[in-house]
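One structure is given below, encoded as structure tokens.
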Number of protein chains: 2
Amino acid sequence: MSLKHGLLGFLNYGPMTGYELKKLFDTSVAHFWNAELSQIYPTLKQLESEGLVEMKVKLQADRPNRKVYTITDDGRSELVDWLSRPADPDQVREPLMIKVFFGACVSKEQITRVLRHRIEQLLEMNARYERGCSVIQSFAAGVGLNREAFFWQLTIDVGVKHNEASIRWAEEAIERIDRLDASFFGTSPLHVGTMDVRRAVEILDRLKSEMPEGSFSAQAAGRTKE
Amino acid sequence: MSLKHGLLGFLNYGPMTGYELKKLFDTSVAHFWNAELSQIYPTLKQLESEGLVEMKVKLQADRPNRKVYTITDDGRSELVDWLSRPADPDQVREPLMIKVFFGACVSKEQITRVLRHRIEQLLEMNARYERGCSVIQSFAAGVGLNREAFFWQLTIDVGVKHNEASIRWAEEAIERIDRLDASFFGTSPLHVGTMDVRRAVEILDRLKSEMPEGSFSAQAAGRTKE
DNA sequence: TCCAACATGTAACCGGTTACATGATTCA
DNA sequence: TGAATCATGTAACCGGTTACATGTTGGA
């Protein structure tokens with residue numbers, strides 16, 4: 001888990017409470033990382049028990065007391081250490097791709113509708129990203145971290161690029177599906193090919209053994225384990 | 001969870017065992033979905049208890065008995081139903097982006113090394129994808145599902161496009177970081193700006209209230225819950 | 001009057017991974 | 001002899017989400 005390191009990263013900017021960390025998360029890294037308070041609080045405790053942060057209770061009369069966490073030297077070096085280590089490949093899990101993978105089970109209209117819906121989502125998301133840019137600039141200026149804003153911007157850039165690529169892919173996919181002969185789908189939406197599984201597995205085994213190594217699968221590319 | 005629907009999708013091609021499902025997963029959807037046997041077996045049981053699949057034990061003398069699962073009419077209609085529903089936006093969790101976000105904490109060399117490492121991963125992955133294309137073609141031809149192969153191919157295309165976009169982004173990021181003045185990073189790797197958190201949160205609150213709505217965050221774009 | 005913000009948490013659940021268990025057969 | 005394949009599972013754990021609990025203050 002790298003929530004730990006996300007918390008350390010923010011605490012490196014200055015001491016703060018779990019509640020404040022949640023706010024920062026929501027308005028700065030929400031596009032690639034979500035964190036609930038119910039996960040932040042125990043994680044802070046854990047960081048404390050590992051000596052990576054220190055906690056001081058600030059008594060308050062009118063509001064609940066605040067527990068202010070400060071990063072320690074150990075915490076700082078753990079952070080830098082982690083940041084410098086290369087990251088494992090992200091293992092993805094994309095329900096939309098399952099829908100596309102089995103697209104032949106449904107009609108042209110059904111599958112393209114799903115794709116068009118995704119395009120809408122991506123456009124909306126990119127619009128939000130654009131607004132996010134100005135938020136980052138204003139925030140960085142207001143808080144005096146212009147240097148840091150350069151990197152914050154990079155994480156937005158990659159999201160935008162990703163979404164643009166997805167949109168282009170989806171648009172092309174819709175076009176290609178539209179061009180497909182109607183007979184391609186059969187008359188019934190449940191008209192999908194069947195296969196002899198024993199034979200299929202046989203073929204896969206053969207293909208696999210013909211492959212150089214690692215064959216065709218997403219994972220395994222210098223895993224190091226964090 | 002859509003492992004359920006992934007299993008249904010494959011069982012729609014023909015009756016098979018958990019062991020065989022695992023093989024198919026590993027050689028066809030591994031690039032966007034992983035499934036362990038220890039998860040497949042209980043999920044099949046669950047599908048059975050929901051009446052979406054049926055199980056028959058095939059006794060074997062020399063090997064352990066096989067439990068062959070067959071999709072039911074209910075299962076088929078649940079599959080088609082699910083496939084036709086638009087997918088929620090993928091919620092992502094990208095450790096690499098945390099590293100970039102806090103890139104100002106480390107040196108130019110450290111952060112660019114991390115990015116170069118990611119580029120290597122992506123290139124290797126795309127090479128695997130290319131091999132994957134021919135696997136899909138051979139497999140589809142061998143098993144007589146050419147129609148379906150069109151959609152299988154689409155799921156590889158999107159992976160390739162994504163990776164290409166990431167590579168371009170990372171290359172540009174490295175260039176831009178390299179061009180940064182050394183003073184940008186300070187002399188010490190731990191030289192990172194600090195901020196007045198109370199003030200930062202104040203600014204965020206103000207920016208948030210100025211924003212139209214939903215402000216800047218990745219989620220929330222017509223969630224429907226599966 | 002009622003909801004949002006402040007501020008902290010616990011407990012149950014959920015999807016998924018890792019490790020462990022069993023036991024025969026086949027191939028290097 | 002020892003690893004890989006066939007074939008099934010259970011149990012512990014892990015990161016994360018949802019729901020629930022508590023109690024004050026300030027604003028619509």
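Below, chain A is the first sequence line, B the second, and so on; all start at residue 1.
- What separates NZ of B:Lys58 from C1' of D:dT8 is a distance of 17 Å, to the nearest Å.
- Ranking C:dG15, C:dT8, D:dC6 by closeness to the B:Gln39 side chain, first place goes to C:dG15.
- The nearest whole Å value for the distance from the CD1 atom in A:Ile40 to the P atom in D:dG15 is 15 Å.
- Checking B:Trp152, B:Tyr69, B:Phe25 one by one against B:Phe10, the ring pair (Phe, Tyr, Trp, His ring centres under 6.0 Å) holds for a single residue, B:Phe25.
- Judged by closest nucleotide on DNA chain C, B:Arg198 is the one of A:Arg93 and B:Arg198 placed further toward the 5' end.
- Residue-level contact check: B:Arg66 touches the backbone only, with heavy atoms under 4.0 Å from sugar-phosphate atoms and none from bases.
- Using a 4.5 Å heavy-atom threshold, the side chains of A:Lys58 and A:Asn65 count as separate.
- Using a 4.5 Å heavy-atom threshold, the side chains of B:Leu7 and B:Leu21 count as touching.
- Per the geometry, CZ belonging to A:Phe25 stands 15 Å off P belonging to D:dG15, to the nearest Å.
- A:Met16 places its CE atom 16 Å from the C1' atom of C:dA7, with the value rounded to the nearest Å.
- At a threshold of 4.0 angstrom between heavy atoms, the contacts of A:Lys22 with the nucleic acid are absent.
- Distances shorter than 4.0 Å separate some side-chain N or O of B:Tyr41 from OP1 or OP2 on D:dT8.
- Counting heavy atoms from C-beta outward, A:Gln110 and B:Leu83 have side chains that stay 4.5 Å or more apart.
- A straight line from CG of B:Leu7 to P of C:dG16 spans 10 Å, rounded to a whole angstrom.
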Carefully, step by step, assess B:Glu36 and B:Asn34 under the rule side chain to side chain donor-acceptor pair (under 3.5 Å).
CA-CA 7 Å; B:Glu36 297 299 328; B:Asn34 183 51; 3.2 Å; yes
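- Listed candidates were D:dT5, C:dG16, C:dA5. Nearest to the side chain of B:Tyr19 is D:dT5.
- The listed nucleotides are D:dT17, C:dT17, C:dT8; the one nearest the side chain of A:Glu36 is D:dT17.
- Taking the nucleotide of DNA chain D with the nearest heavy atom to each of A:Gln46 and A:Ala61, the more 5' of the two is matched to A:Gln46.
- Phosphate proximity of C:dA7 to A:Gln60: present, with a side-chain N or O under 4.0 Å from OP1 or OP2.
- Side chains of B:Glu124 and B:Asn126: a donor-acceptor N/O pair is absent below 3.5 angstrom, by distance only.
- C:dA7 atom C1' lies 12 Å from atom CG of A:Asp62, rounded to whole Å.
- Between the side chain of A:Ser38 and the base of D:dT18, a donor-acceptor pair under 3.5 Å is found.
- Rounding to whole angstrom units, CH2 of residue B:Trp33 and P of C:dG15 are separated by 10 Å.
- Among the protein residues, A:Lys45 comes within range of the sugar-phosphate backbone only, with heavy atoms under 4.0 Å from sugar or phosphate atoms but none that close to a base.
- Heavy atoms of B:Lys23 sit under 4.0 angstrom from primed sugar atoms or phosphate atoms, though from no base atom.
- If you check D:dT8, C:dT18, C:dA7 against the side chain of A:Pro64, the one that comes closest is C:dA7.
- Along DNA chain C, the nucleotide nearest B:Ala35 and the nucleotide nearest A:Asn65 are compared for position; the residue whose nucleotide lies closer to the 5' end is A:Asn65.
- If you check D:dT17, C:dG16, D:dT8 against the side chain of A:Asn34, the one that comes closest is D:dT17.
- Protein atom CG of A:Leu21 is 10 Å distant from nucleotide atom P of C:dT8, rounded to whole Å.
- Where B:Tyr69 and A:Val201 each meet DNA chain D at their nearest nucleotide, the meeting point lying more 5' is that of A:Val201.
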